[in-house]
Novice: 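Below you'll find the structure I mean.
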Amino acid sequence: MTGGWRAWTIVFRGIVWREALRFVNQRGRFVAALVRPLVWLFIFAAGFRAVLGLSITPPYQTYVLYEVYVTPGLCAMIQLFNGMQSSLSMVYDRETGAMRTLLVSPAPRWFLLLSKLMAGVFVSILQVYTFLLIAWAWDVRPPALGYLAVLPALVLSGLMLGALGLFVSSTIRQLENFAGVMNFLIFPMFFASSALYPLWRMKESSELLYWICAVNPFTHAVELIRFALYLQFDPTSFLVTAGGFAAFFAAAVYMYDPAKGLWGRRKGTGA
């Protein structure tokens, strides 16, 4: 793309502005994204507190209540659902023809998709910090510096989960199929992770379940957020999350290539 950095900035600003307008016009989506984690925090965590005792588990330095443990997982849950919602808008744009208009832009396809991804991550971070504010009022209070330290972790985990959403959107040909695919993907990722229970507790019940949770990239997004929120760094989770982002984003760029991915297959089949 010619025009230098100014042209790139115009393209990026246009995509982000479009997503911002969509967000402003769909304020109910912002509230809806908070309902699920708040139900877990206010209702399920209160009920499980007496049942699920937690030993001292890193990064915690002492015993913690269940709602304290589950909060980082619920932050990642917000980003997971937001990534899937962003993929829904991609499917909708493809059906209405807006996606084709975007992809014929002279800007590189990877830059267009990354701009779209960054706009979605920004929205998810706003939702997470709103949730953390409500959790603070509910007496879930990590260190004050943790709210700042967790920001890079939220950016990276949001990029990975958003890139996964982009890849998923490239495989869905009709809007009607989205709900089934989303449920098939979201709920196994969420429940087979360390979002709700520590991995050592999983290992006590099932070795197979433990390994499924251990290789789940969502687990590492949760742990990256958990450690950052308590001013610690988990290098394994960082590497897995960063690698997951690179892999999912590369797959999404490939699938949105008219000559190779979904568009190429549709052209070849006459769809």
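The figures that follow rest on heavy atoms only: side chains count, while hydrogens, waters and symmetry mates do not.
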Novice: Taking all atoms of both residues into account, what is the closest heavy-atom pair of S157 and T241, and its distance?
Specialist: CA-CG2, 3.9 Å

Novice: Donor-acceptor pair, distance only, cut-off 3.5 Å: does the side chain of N82 make one with the backbone of G120?
Specialist: yes

Novice: Tell me, please, which residues at least two apart from L148 pass side-chain contact (heavy atoms from CB on, under 4.5 Å).
Specialist: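 Applying side-chain contact (heavy atoms from CB on, under 4.5 Å) to L148 gives none.
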
Novice: What side chain to side chain donor-acceptor pair (under 3.5 Å) pairs are there with at least one residue in residues 32-43, not counting sequence neighbours?
Specialist: none

Novice: With sequence neighbours left out, what residues match D234 under side chain to side chain donor-acceptor pair (under 3.5 Å)?
Specialist: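 Here the qualifying residues are S237.
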
Novice: For A214, is there any backbone N or O sitting under 3.5 Å from a side-chain donor or acceptor partner on H220?
Specialist: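 Indeed, once roles are kept as given, a pair shorter than 3.5 Å links the two residues.
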
Novice: Distance check, rounded to the nearest 0.5 Å: M202 atom CE versus S194 atom OG?
Specialist: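 Reported to 0.5 Å precision, the distance equals 8.0 Å.
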
Novice: Compare every heavy atom of P217 with every heavy atom of M160, then report the nearest pair and how far apart it is.
Specialist: CE-O, 3.6 Å

Novice: Is there a chain of hydrophobic side chains (I, L, V, M, F, W, Y, each step under 4.5 Å between heavy atoms) that links L154 to L231?
Specialist: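 Cluster IDs for L154 and L231 differ.
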
Novice: Residues two or more places apart in sequence or in another chain: which of them pass ring pair (Phe, Tyr, Trp, His ring centres under 6.0 Å) with F233?
Specialist: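 Checked F233 against ring pair (Phe, Tyr, Trp, His ring centres under 6.0 Å); matches are F238.
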
Novice: What salt bridge (charged side-chain N to carboxylate O under 4.0 Å, His left out) pairs are there with at least one residue in residues 207-223, not counting sequence neighbours?
Specialist: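 Sorted pair list: E223-R226.
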
Novice: Could you pull out all residues at least two apart from Y230 that satisfy side-chain contact (heavy atoms from CB on, under 4.5 Å)?
Specialist: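 By the side-chain contact (heavy atoms from CB on, under 4.5 Å) rule, Y230 matches P59, Y60, V68, P142, P143.
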
Novice: For the atom pair OG (S124) and CZ (F81), what is the distance rounded to the nearest 0.5 Å?
Specialist: 13.5 Å

Novice: Supply the atom-to-atom distance Y210 OH to K203 NZ, rounded to the nearest 0.5 angstrom.
Specialist: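 With rounding to 0.5 Å, OH (Y210) is 4.5 Å from NZ (K203).
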
Novice: How long is the span from the CZ atom in F249 to the CG atom in L113, to the nearest 0.5 Å?
Specialist: 5.5 Å

Novice: Side chains of F122 and V155, heavy atoms from C-beta outward: is any pair under 4.5 Å?
Specialist: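 No, their side chains stay 4.5 Å or more apart.
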
Novice: Side chains of L117 and F245: does their closest heavy-atom pair fall under 4.5 Å?
Specialist: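 Answer yes - side chains close enough.
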
Novice: With sequence neighbours left out, what residues match Y147 under ring pair (Phe, Tyr, Trp, His ring centres under 6.0 Å)?
Specialist: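 Ring pair (Phe, Tyr, Trp, His ring centres under 6.0 Å) check on Y147 returns nothing, list empty.
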
Novice: Is there a path of hydrophobic side-chain contacts, each under 4.5 Å between heavy atoms, that joins M84 and F131?
Specialist: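 The answer is yes; both residues are in one hydrophobic cluster.
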
Novice: Considering all heavy atoms of both residues, which atom of L199 and which atom of C213 are nearest to each other, and what is their separation?
Specialist: CD2-CB, 3.5 Å

Novice: Tell me, please, which residues at least two apart from V39 pass side-chain contact (heavy atoms from CB on, under 4.5 Å).
Specialist: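 V39 satisfies side-chain contact (heavy atoms from CB on, under 4.5 Å) with V35, I43, F44 once adjacent residues are dropped.
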
Novice: For residues 161-172, pull every pair meeting salt bridge (charged side-chain N to carboxylate O under 4.0 Å, His left out), keeping only residues two or more places apart or in separate chains.
Specialist: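 Sorted result for residues 161-172: empty, none.
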
Novice: If every non-hydrogen atom of S193 is compared with every non-hydrogen atom of N216, which pair is closest and at what distance?
Specialist: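 Reported closest heavy-atom pair: CB-ND2, 3.7 Å.
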
Novice: Just do the side-chain contact (heavy atoms from CB on, under 4.5 Å) check on L166 and M255 with the steps written out, would you?
Specialist: CA-CA 9 Å; L166 280 177; M255 292 295 285; over 6 Å; no

Novice: How many angstroms lie between atom OG1 of T130 and atom CD1 of I78, to the nearest 0.5 angstrom?
Specialist: 8.0 Å

Novice: Report the distance from atom CZ of F190 to atom CG of L74, rounding to the nearest 0.5 Å.
Specialist: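 Here the interatomic distance stands at 5.5 Å.
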
Novice: Please determine whether side-chain contact (heavy atoms from CB on, under 4.5 Å) holds for the pair L185 and L164, giving the CA-CA distance in whole Å, both sets of side-chain angles, and the decisive distance to 0.1 Å.
Specialist: CA-CA 10 Å; L185 181 67; L164 174 61; 4.1 Å; yes

Novice: Linking I/L/V/M/F/W/Y whenever their side-chain heavy atoms sit closer than 4.5 Å, directly or via other members, would V123 and L133 fall into one cluster?
Specialist: no

Novice: Tell me every residue that passes side-chain contact (heavy atoms from CB on, under 4.5 Å) with L239, counting only those two or more places apart in sequence or in another chain.
Specialist: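 With sequence neighbours excluded, L239 shows a side-chain contact (heavy atoms from CB on, under 4.5 Å) to no residue whatsoever.
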
Novice: With side-chain contact (heavy atoms from CB on, under 4.5 Å) as the test, would you mind laying out the steps for Y66 and Y197 before giving the verdict?
Specialist: CA-CA 9 Å; Y66 183 67; Y197 328 99; 4.2 Å; yes

Novice: Of the non-hydrogen atoms in V70 and A195, which two are nearest, and what is the gap between them?
Specialist: CG2-O, 3.5 Å

Novice: Kindly indicate whether the side chain of T71, heavy atoms from C-beta on, has any atom under 4.5 Å from the side chain of L132.
Specialist: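 Contact flag for T71/L132 side chains = yes.
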
Novice: R141: what forms a salt bridge (Lys or Arg N to Asp or Glu O under 4.0 Å) with it, not counting sequence neighbours?
Specialist: D139

Novice: Can you hop from W138 to M77 via hydrophobic side chains spaced under 4.5 Å?
Specialist: yes

Novice: Would you say Y69 and F227 are hydrophobically clustered, going by side-chain heavy atoms of ILVMFWY under 4.5 Å?
Specialist: no

Novice: List the residues meeting side chain to side chain donor-acceptor pair (under 3.5 Å) with T219, not counting sequence neighbours, and say none if there are none.
Specialist: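 T219 satisfies side chain to side chain donor-acceptor pair (under 3.5 Å) with no residue once adjacent residues are dropped.
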
Novice: Testing the basics here: between A76 and V222, what is the closest heavy-atom pair and its distance to 0.1 Å?
Specialist: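 Distance-wise, the nearest heavy atoms are CB-CG2, 3.6 Å.
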
